[in-house]
Structure formats: structure tokens, C-alpha cells
Amino acid sequence: TPRVRHDVLLRAAMDVLVEADAPVPVCEVLAEVARRMEPTDYERSLNPSGNPRFDTSIRFGSGCLSAIGWICKSPAGWEITSEGRAALVQYPPREFLAETNRRYRKQLAERRASAAGSPTRAEGSAASTGWTDPRWQVVRDAITAVPEGSWTAYKDLAELSGLPARAIGTFVSTNEV
């Protein structure tokens with residue numbers, strides 16, 4: 001089954017940002033990644049929302065990078081932080097995405113625990129209601145990465161996670177996301 005190389009694409013986006021002296025418009029980041037990485041036919045193909053899969057992957061990943069403080073997003077574009085520069089040096093390409101996801105999950109857990117007023121998992125969370133497949137965490141993280149005022153389709157989340165779109169609709173309607 002064809003897959004999107006999320007790790008390679010996100011790292012390439014960071015490499016574009018590390019070379020810039022100022023925020024880089026998102027469209028320029030995406031174009032430069034496409035030029036450098038030569039996305040596969042599958043990555044260039046359009047998802048159900050009509051966007052290239054590699055574009056969707058980088059945009060979702062940028063939400064995690066922003067949340068953990070490795071990039072700053074503004075109307076002017078994306079800019080790497082000093083923490084992001086350090087991460088590029090510290091984590092080899094194959095470990096970079098795993099570390100990004102680990103830090104992002106940790107931050108989410110801390111935020112949820114703080115909101116619940118408890119260091120334990122809030123009742124009604126995906127794990128406490130039977131949604132234990134790790135792909136549901138991918139869905140939760142992707143939804144959390146969508147900027148306020150923006151949206152994504154269940155079909156996009158299905159493609160990202162490998163879960164059926166209808167099941168994602170049920171998950172979203174029955175869980176606090």
C-alpha cells in the first residue's frame with residue numbers, strides 16, 4: 001500500500017526553514033519541499049479534499065512542530081525557533097518525527113491533565129471509552145493540530161490514520177477532541 005513519507009517530508013520542511021532568515025510563506029515551504037524531495041506519485045496525488053497528500057502531511061505536521069515550540073507560525077509564514085534548530089542537530093532524520101510526536105503527545109497529556117485538574121487521564125478520553133487503537137491518537141493529534149477557525153474532512157483524517165471516515169465521525173461525535 002502506498003504511504004506518505006511523513007518523516008522525510010516534515011524534516012525537509014524544517015531544513016527549508018533553517019536556511020531562511022525570516023518567516024517563509026507556507027506555499028514557498030511546500031514548493032521547496034516538493035522541489036527537493038521529489039514526492040512520489042502517491043504523495044503528489046490528491047486526497048479527497050483535493051489537496052496533494054504531501055501538502056496535507058506537512059501542514060498537519062507543522063501543527064505539532066508549532067505546538068512543541070520548534071516553529072512559529074504567523075501570517076507572514078513559518079519560522080524555525082532556536083529549539084527547532086537544536087532538534088535538527090540532536091535528532092537524526094529517522095528519529096526526528098518520533099521525537100516530535102513524543103513531545104507533542106506529552107504536551108497534550110499535560111494540557112488535558114491540567115484542564116481536568118488531575119494528573120490522570122480525564123474520564124471520557126479515547127482510552128477510557130474503548131478507543132484504544134493507536135490510530136485514534138493520530139486522529140486526535142491531527143484534529144488538535146488544525147488551527148482554530150479552520151477545518152478538515154473526515155476523509156482526510158481517514159487517509160492520515162488508515163481508519164474508515166464513518167468511524168472517525170463516530171469518534172469525533174462521542175469524544176472530547
Can you give me every donor-acceptor pair (side chain of residues 60-68, partner residue at least two apart or in another chain, under 3.5 Å) with its distance?
unit_1 : atom_1 : unit_2 : atom_2 : d
Ser62  : OG     : Arg59  : O      : 2.6
Ser62  : OG     : Lys73  : NZ     : 2.8

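- Each salt bridge (Lys or Arg N to Asp or Glu O under 4.0 Å) pair with one or both residues in residues 16-25, not counting sequence neighbours, appears once here: Glu19-Arg36.
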Which atom pairs, one a donor and one an acceptor, fall under 3.5 Å between side chains of residues 86-94 and the rest of the protein, sequence neighbours left out?
unit_1 : atom_1 : unit_2 : atom_2 : d
Tyr91  : OH     : Glu99  : OE2    : 3.3
Tyr91  : OH     : Arg103 : NH2    : 3.1

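- Scored by the side chain to side chain contact (heavy atoms under 4.5 Å, CB included) test, Leu46 finds Pro52 as partners (sequence neighbours excluded).
- In terms of the salt bridge (charged side-chain N to carboxylate O under 4.0 Å, His left out) criterion, Arg85 has no residue partners (sequence neighbours excluded).
- In this view, Thr81 and Glu83 satisfy the side-chain hydrogen bond (donor to acceptor under 3.5 Å, both in side chains) rule, not counting sequence neighbours.
- Nearest heavy atom pair, residue Asp156 against residue Pro48, reads OD1-CD, 4.1 Å.
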Name each donor-acceptor pair under 3.5 Å that joins a side chain in residues 159-168 to protein atoms two or more places apart or in another chain, with its distance.
unit_1 : atom_1 : unit_2 : atom_2 : d
Glu159 : OE1    : Arg53  : NE     : 3.3
Glu159 : OE1    : Arg53  : NH2    : 3.4
Glu159 : OE2    : Arg53  : NE     : 2.6
Ser161 : OG     : Leu157 : O      : 2.8
Ser161 : OG     : Leu163 : N      : 3.2

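- Evaluation of the side-chain hydrogen bond (donor to acceptor under 3.5 Å, both in side chains) rule for Thr100 yields no partner, not counting sequence neighbours.
- In this structure, Asp7 has no side-chain hydrogen bond (donor to acceptor under 3.5 Å, both in side chains) partners at least two apart in sequence or on a different chain.
- Here Arg135 pairs with Asp133 under the salt bridge (charged side-chain N to carboxylate O under 4.0 Å, His left out) rule; sequence neighbours left out.
- When all heavy atoms are compared, the tightest approach of Ile80 to Met14 is CD1-CE, 3.5 Å.
- Residues passing the side chain to side chain contact (heavy atoms under 4.5 Å, CB included) test with Val8 are Arg5, Met37, sequence neighbours excluded.
- Contacts classified as ring-ring contact (aromatic ring centres under 6.0 Å, His included) and involving residues 70-89 (residues at least two apart or in different chains) are given here: Trp70-Phe96.
- Closest non-hydrogen pair, Pro23 versus Glu79, comes out as CG-OE1, 3.5 Å.
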### Message
Could you go through Arg11 and Leu97, starting from their C-alpha distance and side-chain angles, then the distance that decides it, and tell me whether this counts as side-chain contact (heavy atoms from CB on, under 4.5 Å)?
### Response
CA-CA 8 Å; Arg11 179 69 184 231; Leu97 182 63; over 6 Å; no
